K.L.:
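Mind looking over this structure? Questions follow.
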Amino acid sequence: MFNYDLAEAWSADSLLAWFSAQRAVAEAIDALEDGGAALLPLVSESDWHAQGMRALHELIVDLKDRVAAESGQLHSRLWELEAMERL
């Protein structure tokens, strides 16, 4: 985990930690968004009436929703990191 707590002023170490944290969160967002995009076609392709396919469809929809929620959380963390720049 990155330590980006700021002391009184930006130091080289805190600036590096801030950039590293920002990059790591942005990369995680990209990975989640790619995964979520890959789930979208599966939602319609698994929308069948057979019981087993219905369960698979519901699982895929749940995964898509969870990916979206995690992506939203990471976007919030990225916003917080970007707000630190203005301190």
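Note that the coordinates shown come from a computational prediction; the quantities given were computed from them, not determined experimentally. Heads up: numbering here begins at 1 and tracks the sequence.
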K.L.:
For residues Leu16 and Val25: do they belong to one hydrophobic cluster (side chain heavy atoms under 4.5 Å, members Ile, Leu, Val, Met, Phe, Trp, Tyr)?
P.N.:
no
K.L.:
Does the side chain of Leu39 reach to within under 4.5 Å of the side chain of Leu42, using non-hydrogen atoms?
P.N.:
yes
K.L.:
Taking only distance into account, with no hydrogens and no angle test, what donor-acceptor pairs under 3.5 Å do side-chain atoms of residues 60-74 form with protein atoms, sequence neighbours excluded?
P.N.:
unit_1: Gln73; atom_1: OE1; unit_2: Arg77; atom_2: NH1; d: 3.1

K.L.:
Between Leu56 and Leu40, is there shared hydrophobic-cluster membership here, with clusters defined by ILVMFWY side-chain heavy atoms closer than 4.5 Å?
P.N.:
no
K.L.:
Which heavy atom of Trp18 sits nearest to which heavy atom of Met84, and what is that distance?
P.N.:
NE1-CB, 3.7 Å
K.L.:
Please name all residues satisfying side chain to side chain donor-acceptor pair (under 3.5 Å) with Arg23, sequence neighbours left out, ordered by chain then number.
P.N.:
none
K.L.:
With sequence neighbours left out, what residues match Glu27 under side chain to side chain donor-acceptor pair (under 3.5 Å)?
P.N.:
none
K.L.:
For the backbone of Ile29 and the side chain of His75, can you confirm whether one donor and one acceptor N or O come within less than 3.5 Å of each other?
P.N.:
no
